[in-house]
Participant: 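Please see the structure below; I have some questions.
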Number of protein chains: 2
Amino acid sequence: MSIVLSRDSQVRVMENTVTNAEKYFGQFCSLLAAYTRKTARLRDKADQLVRQLTDFANTENPEMRATMRNFAEDLAKVQDYRQAEVERLETKVICPLKLYGAHIKQTRAEIKKFKQVQKNEMKQLEKLEKLRQKSPSDRQMISQAETGVQRASVDASRITHQLEEVIDTFQKQKLKDLQKIFSDFVTIEMVFHAKAVEVYSSAFQILESYDLERDLEDFRTKMRGVYGRYDAQPFKDTTPSPAVPWALTGQSTQTTIRSQRRDEEEEESVEHSAEEDPVEDLRGQGQTPQQ
Amino acid sequence: MSIVLSRDSQVRVMENTVTNAEKYFGQFCSLLAAYTRKTARLRDKADQLVRQLTDFANTENPEMRATMRNFAEDLAKVQDYRQAEVERLETKVICPLKLYGAHIKQTRAEIKKFKQVQKNEMKQLEKLEKLRQKSPSDRQMISQAETGVQRASVDASRITHQLEEVIDTFQKQKLKDLQKIFSDFVTIEMVFHAKAVEVYSSAFQILESYDLERDLEDFRTKMRGVYGRYDAQPFKDTTPSPAVPWALTGQSTQTTIRSQRRDEEEEESVEHSAEEDPVEDLRGQGQTPQQ
């Protein structure tokens with residue numbers, strides 16, 4: 001009887017191995033799928049920021065415009081790498097974890113098969129015990145029952161070894177896959193983070209090299225320009241144009257006048273720069289990382 | 001009249017500057033806040049994964065247990081850096097962007113003040129025009145109105161310059177802050193990604209050095225152990241114990257028997273290892289990055 005109990009105990013260990021794998025692989029799968037979805041949402045938000053930065057760039061003077069466009073382009077590049085990260089997580093991490101469902105189902109079927117054989121062995125044993133109690137002198141019946149038990153026992157022993165192999169293969173595959181899946185996860189994350197460091201280093205340089213003073217000069221000229229445009233025929237003004245832009249003249253209360261020509265030049269240059277780098281082109285570039 | 005129109009046009013440029021800043025800083029603020037929230041959710045998911053990995057580790061044999069625990073610890077470390085990223089984004093990016101609300105409100109108030117003065121100038125001008133048309137001979141009234149216009153014009157001119165300075169300061173601060181805020185954003189991201197690369201490199205080594213064969217041997221011994229435990233008094237067995245573990249004997253259909261002593265040793269060693277590294281300790285370590 002004890003060998004039957006032992007087999008029963010062994011099948012429980014095997015079932016636990018499979019149940020445990022099912023439980024944790026299922027959890028890993030749904031958590032990593034959620035992790036991937038959250039990553040995709042982070043990418044979406046950053047993509048929105050890229051669009052806003054590009055829109056904003058178009059409302060700024062050339063210096064800030066170029067800085068913001070280049071910065072937005074780098075930010076878009078990081079999102080492209082994030083997109084690659086999402087796709088690779090789906091292919092190399094989530095898919096293999098999902099496939100475990102089928103794998104586990106198959107192993108469960110093997111265990112079920114074993115349990116039926118085990119049940120039969122138990123039945124034969126019970127039959128023999130009953131015979132021994134009821135008709136201890138019926139040698140022929142007892143002998144038949146003993147043969148039945150032996151046959152069932154051989155079946156159970158054979159299928160136990162088959163199951164042992166199935167579970168051994170299952171466990172080996174499980175451990176291998178765990179190592180592979182999490183190594184792939186780590187590699188995918190590592191590649192993404194390394195690329196992000198690279199692109200953000202470039203973005204940092206872009207922001208560092210932004211020339212605030214040049215931008216402010218542009219802004220002042222623009223303000224002055226708009227102001228001066230209507231001053232070609234001032235209502236009453238005899239003050240000569242100051243030699244330096246108003247913004248640099250301090251507390252002067254005199255009306256600042258600029259020539260019509262200069263204003264037109266300003267307007268033209270602004271329009272020209274706005275046309276040569278349309279937003280669509282920039283976005284197109286943003287979608288294709290250079291590495 | 002044209003200087004009034006010019007001022008009107010200038011105030012529109014100024015208003016646009018402020019309105020634009022309000023619009024885009026508002027959008028940047030809400031997008032970056034959303035980006036930070038998504039980052040926090042990514043951290044939460046990864047934290048859940050860390051907990052599951054630790055739970056799973058406790059159900060595995062020593063080799064996989066150690067590997068999964070160390071891997072979970074590294075994954076937790078990345079989340080600690082992500083948490084630092086979230087906090088720094090809130091302090092150095094979102095807060096300064098939020099403060100812009102107050103800054104813009106103040107500048108709007110200055111523009112409103114200017115508009116009132118400008119309105120007065122317009123009123124005085126209209127009054128003078130009416131007088132010139134209705135009573136062109138009333139020199140005294142016209143002279144009075146001209147003085148009124150002159151006074152209003154001086155006021156408008158004075159406040160224009162004040163406003164010009166306000167807008168100049170506003171623009172300068174805006175450009176400076178943009179550069180600062182996005183540089184901080186890039187720095188925070190860069191530091192996080194660099195730390196992540198570092199920790200994931202260690203995690204990769206952990207997974208690489210996992211010894212599958214040793215783990216499988218443990219598993220086989222465990223299976224054998226449970227199987228053998230009930231075989232001390234086998235139902236009917238005259239087969240001697242095989243010299244090698246069952247898993248390595250191939251297709252043998254013989255019942256595998258192990259001594260009671262050996263089983264107890266196995267059980268004891270498993271229990272001992274499970275006790276020496278409680279989950280709580282591991283989690284505690286996970287919350288404190290070593291760098």
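Side chains are part of it too, since the values below use all heavy atoms of this structure and drop only hydrogens, waters and symmetry mates.
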Participant: Working note: A/K174 + B/E60, criterion side-chain contact (heavy atoms from CB on, under 4.5 Å); need CA distance, chi angles, decisive distance, verdict.
Facilitator: CA-CA 11 Å; A/K174 184 193 91 174; B/E60 287 293 311; 2.6 Å; yes
Participant: Is B/S201 in contact with chain A via its backbone, its side chain, both, or neither, using a 4.5 Å heavy-atom distance?
Facilitator: both
Participant: In terms of heavy-atom proximity below 4.5 Å to chain B, should A/K176 be classed as side chain, backbone, both, or neither?
Facilitator: both
Participant: Measuring from A/K172:NZ to B/D215:CG, what's the distance to the nearest 0.5 Å?
Facilitator: 12.0 Å
Participant: Where does B/L32 contact chain A at under 4.5 Å (heavy atoms): side chain, backbone, both or neither?
Facilitator: side chain
Participant: Looking at B/Q179 and A/L207, would you say the former's side chain and the latter's main chain have a donor-acceptor pair under 3.5 Å?
Facilitator: yes
Participant: Which heavy atom of A/V197 sits nearest to which heavy atom of B/A194, and what is that distance?
Facilitator: CG2-N, 3.4 Å
Participant: Measuring from A/L216:CG to B/L175:CG, what's the distance to the nearest 0.5 Å?
Facilitator: 5.5 Å
Participant: Using heavy-atom distances under 4.5 Å, tell me whether B/E63 contacts chain A through its side chain, its backbone, both, or neither.
Facilitator: neither
Participant: Among A/L31, A/D74, A/I206, A/L212, which has the most heavy-atom pairs under 4.5 Å with chain B?
Facilitator: A/L31
Participant: Given the options B/T36, B/T187, B/L53, which has more heavy-atom pairs under 4.5 Å with chain A than any of the others?
Facilitator: B/L53
Participant: Could you check which of A/R37, A/M64, A/Q171 has the highest count of heavy-atom pairs closer than 4.5 Å to chain B?
Facilitator: A/Q171
Participant: Measure B/M190 against the heavy atoms of chain A and call it side chain, backbone, both or neither at under 4.5 Å.
Facilitator: both
Participant: Heavy atoms only, distances under 4.5 angstrom: which of B/L75, B/V191, B/N16, B/L178 has the most pairs with chain A? Name it, please.
Facilitator: B/L178
Participant: Would you give the length of the straight line joining atom CZ of A/F56 to atom CZ of B/F25, rounded to the nearest 0.5 angstrom?
Facilitator: 5.5 Å
Participant: Under 4.5 Å, counting heavy-atom pairs only, tell me which of B/H193, B/K45, B/K38 racks up the most with chain A.
Facilitator: B/H193
Participant: Output the option from B/E213, B/Q27, B/R41 having the highest count of non-hydrogen pairs under 4.5 Å with chain A.
Facilitator: B/Q27
Participant: Heavy-atom cut-off 4.5 Å, strictly under: side chain, backbone, both or neither for B/F71 against chain A?
Facilitator: side chain
Participant: Is any side-chain heavy atom of B/D55 closer than 4.5 Å to one of A/Y24?
Facilitator: yes
Participant: What is the distance from atom CG of B/L42 to atom OG1 of A/T39, rounded to the nearest 0.5 Å?
Facilitator: 4.0 Å
Participant: Against chain A, label B/F219 side chain, backbone, both or neither, depending on which of its atoms sit under 4.5 Å from a heavy atom there.
Facilitator: side chain
Participant: How many angstroms lie between CZ in B/R220 and CG in A/D168, if you round to the nearest 0.5 Å?
Facilitator: 4.0 Å
Participant: Under 4.5 Å heavy-atom distance to chain A, tell me which part of B/K23 shows up: side chain, backbone, both or neither.
Facilitator: neither
Participant: Rounded to the nearest 0.5 Å, what's the gap from CZ on B/F185 to CG on A/L49? Could you check?
Facilitator: 6.0 Å
Participant: If you count heavy-atom pairs within less than 4.5 Å of chain B, which of A/F204, A/F182, A/F192 leads?
Facilitator: A/F182
